[in-house]
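To find a chain, count down the sequence lines: A is the first, B the second, and so on, and within it residues start at 1. In this text the structure is predicted, and so the values were computed from the model without any measurement.
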Amino acid sequence: MEEIKRAIGAAAKELFNVDVQPELTRPDEKFADYSTNIALQLAKKLNQKPHDLAIQLSDKIKADSILKIDVAGPGFLNITLHDESLLKLLDQKPDRPLEANQVLVEFGDPNPFKEMHIGHLYAAITGDAIANLLASSGADVKRLSYHGDVGMHVAKWLWGKQHAGGKDNEALGHYYALGAKAFEEDEQAAKEIKDLNQKVYAQFVSIKDLYESGKAQSFEQFKSIFSELGIIYDKQYMESQASHIGMDFVRKYTGKVFEDSQGAVIYKGEKVGLHTRVFITSQGLPTYETKDLGLAELKNKDFPKATQSVIITANEQTEYFKVMLAALKEIDAPLAAKTVHIAHGFLSLSTGKMSSRTGDVHAAADLLSSVHRAVKDQYPDSKVQQETYLAAVKYTFLKHRIGGDIVFDIKESVNLEGNSGPYLQYAHARARSILSKAQPPTKSETKNWKLEPGERSLVRKLGEYPEVVDKAVKELMPHLVANYLFDLAQTFNHFYENNRVIDDPRRDVRLQLVETYATTLKNGLQLLNIPAPEQM
RNA sequence: GCCCGUGUAGCUCAGUGGAUUAGAGCGUCGCGCUUCGGACGCGAAAGUCGGGGGUUCGAAUCCCUCCACGGGUACCA
């Protein structure tokens, strides 16, 4: 691919004395292997007809891997490779542009004292996949989580627990919901909750036992869910840690970056086209923004060599993050510059509410168990129900582009026909089954293979893998990998339908293709942290 | 009000400047077929790419405007 780009560049230089950065795209298979619109781009610059330029270029571009170049449409160059060159692409590995870089990825931050909900689940799975992508490109990735163990939600939970009327065996979210409701509807309760919040920050002994038990219970829950998902964090941060550092920051820069207003300390975002936010309340307590400044500094101290810090949250925090980062920029510009905020959309269930025990949110644990049950019902004899259900959940999240709202349909997620995680797992297991039945192929020199049409389609698709991963890494978009794997599986199924493998004269060639296919599928699923069992 | 995001087949979503028919899965209708694991393959119907205007050789993709929905908008996170 680089060879072709160079050849195009050289031809353009020689013919028109211009320097170009040609882009190669993958056109529809029936046109060619690669395509470039370089002639169309040059047309304006050189003030000539694009079609004429394309013809001149097609005669001039020379590279060993190119079989032929066609001029098509208004001036596209469609490039077809020799079979052996196409096969060579199978040996290519994704780039490792982040080799020797340390990258921090913070994601999935559920708050203690509240139920971990499906939004956290989505963020955790997406964040984990992004971390995997970064790691695959050579980075030393640190997975971080951050938890709100202080703040109003804690006070609401404490109040709820104290006013539960003896019912103290409910799920965590129940008490939070009780407190949150009282806060809205009852002025007296609201006042009491605010007082409790003061006590939380000041670590009052009177609430210590209750506080600690709630916190411990929360983290047990998180631990069990993350372990179920196979997500391992390198470090957990608490808001209570970040809060002091943040307060010091804000106090130090009040008058310069921040200003006093109505008893609170604020940042005037209007000066950079944003809006004003409170950093320290009139009660003298830090808000989320101040704690986040503290967190940024904490991370910076722990990982001073990190070249990038990625934070994944729900998009309701998008505007908030802009303001926080604008303030950070005034305090520590380099630190702000390496921070990237990625926002995901809102997650809803096609079936509506599943549980009332948590008030108005969908508990992460409920979704997991619903999908698990659906898999058990559908495949009672399967030995890999655990793997299948994880694939169903994860793939449903990961096949969507990050940013938009998504609707989770449990039935569709476990529907093993169609674009689902289990479909891909089955595709993998089926390929492995063929390989295990056949004697290993006699390895032949791949460059001597002459491909038949069905084989060529499969090889062409397989060769796209490194390009897809490179793009997914560059744009931090795991869905590119997910969608590619589905395409690949479909291409293989089509091939498999029309071409025998075992008991065929072309057995050796085809077995090697099946092997490459199965491995590619497995590697791709691994990037998404989705298991690929050998049998199902 | 202002700021940000979203709007693509009945449903769920890819595609975000490029081409001859705008793609996929599910659903619907039809065909192959019990195979090297059918958790399969093939085909059909189905779309004014939210509306309107503009830029461009070329727009679902860029710009303007309007509409709908979601989020944010000073002491929640």
Side-chain angles (χ1 to χ4, degrees), chain A residues 25 27-28 30-31 35 37 40-41 43-44 49-51 72-76 78 109 111 114 148 151-153 155-156 180 183 194 197 239 261-269 273-289 291-292 313-320 322-323 343 345-346 350 378-379 382 388 396 399-401 403-409 411-412 415-420 422-427 429-438 479-480 482-483 486-487 490 493-504 507 510-511 514 535-536:
Chain A
T25 55
D28 193 298
K30 63 189 168 223
F31 297 130
S35 174
N37 61 1
L40 295 158
Q41 289 181 352
K44 185 172 285 173
K49 287 187 177 166
H51 198 264
F76 293 97
N78 284 337
D109 310 329
N111 279 333
K114 290 168 93 168
M152 285 299 287
H153 66 284
K156 288 171 184 170
F183 187 82
K194 282 182 185 167
N197 193 28
E239 280 191 13
S261 172
Q262 301 170 30
V265 180
I266 63 167
Y267 176 78
K268 287 243 178 198
L274 301 167
H275 60 270
T276 293
R277 296 195 75 102
V278 171
F279 276 64
I280 299 178
T281 71
S282 49
Q283 286 194 310
L285 297 177
T287 58
Y288 184 43
E289 14 291 80
K291 290 180 270 193
D292 239 332
T313 75
N315 60 17
E316 61 195 6
Q317 292 179 15
T318 300
E319 299 297 295
Y320 151 79
K322 285 183 190 165
V323 177
F346 182 75
S350 59
Q378 197 146 348
Y379 286 89
S382 168
T388 304
T396 303
K399 73 177 175 179
H400 297 114
R401 176 192 248 268
D405 294 346
I406 71 176
V407 178
F408 194 108
D409 187 325
K411 246 164 120 182
E412 193 181 306
N415 187 352
L416 312 178
E417 298 167 7
N419 190 358
S420 74
Y423 170 90
L424 291 179
Q425 287 185 321
Y426 180 74
R430 195 153 74 134
R432 283 286 169 215
S433 163
I434 298 164
L435 293 167
S436 69
K437 283 213 172 75
H479 81 288
L480 295 175
N483 290 337
F486 179 64
D487 269 358
Q490 287 206 305
N493 283 337
H494 181 71
F495 160 82
Y496 186 65
E497 191 74 14
N498 301 306
N499 299 279
R500 280 204 71 80
V501 176
I502 299 172
D503 306 328
D504 188 274
R507 168 186 178 282
R510 289 179 181 172
L511 274 176
V514 174
Q535 292 175 18
M536 293 183 74

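For Tyr288(A) and rA77(B), the shortest distance from a side-chain N or O to OP1 or OP2 is not below 4.0 Å. The phosphate of rA77(B) has neither OP1 nor OP2 within less than 4.0 Å of any side-chain N or O from Asn111(A).
At a threshold of 4.0 angstrom between heavy atoms, the contacts of Tyr320(A) include nucleobase atoms, whether or not backbone atoms are also involved. If you check every strand for non-hydrogen atoms under 4.0 Å, Phe486(A) touches sugar and phosphate atoms only. Within 4.0 Å (heavy atoms only), Ile406(A) reaches sugar-phosphate atoms of the nucleic acid but no base atom. Counting non-hydrogen atoms under 4.0 angstrom, Gln490(A) reaches the backbone sugars and phosphates but no base. Within the 4.0 angstrom heavy-atom criterion, only backbone atoms of the sugar-phosphate kind lie near Lys291(A); the bases stay farther away. Note on Ala343(A): nothing from the nucleic acid sits closer than 4.0 angstrom, heavy atoms only. Within the nucleic acid shown, Asn197(A) has no heavy atom closer than 4.0 Å to any nucleic acid atom.
With sequence neighbours excluded, no residue forms a side-chain hydrogen bond (donor to acceptor under 3.5 Å, both in side chains) with Arg401(A). The side-chain hydrogen bond (donor to acceptor under 3.5 Å, both in side chains) check on Asp405(A) picks up nothing, with sequence neighbours excluded.
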Nucleotide pairing, RNA chain B (Watson-Crick or G-U, distances under 3.5 Å), in dot-bracket with [ ] and |: ((((((((.[[[[.)..(....]]]].(((((.......))))).....[[[[[..)....]]]]])))))))....
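Distance CE (Met152(A)) to C1' (rA74(B)): 15 Å, rounded to an integer number of Å.
When distances run from any side-chain atom of Glu316(A) to the nucleotides rG72(B), rA74(B), rC36(B), the shortest one goes to rG72(B).
By the 5.5 angstrom centroid cut-off and the 30-degree plane limit, Tyr379(A) is classified as stacked against the base of rA39(B).
Annotation: rC42(B) and rG10(B) have their P atoms spaced 23 Å apart (nearest Å).
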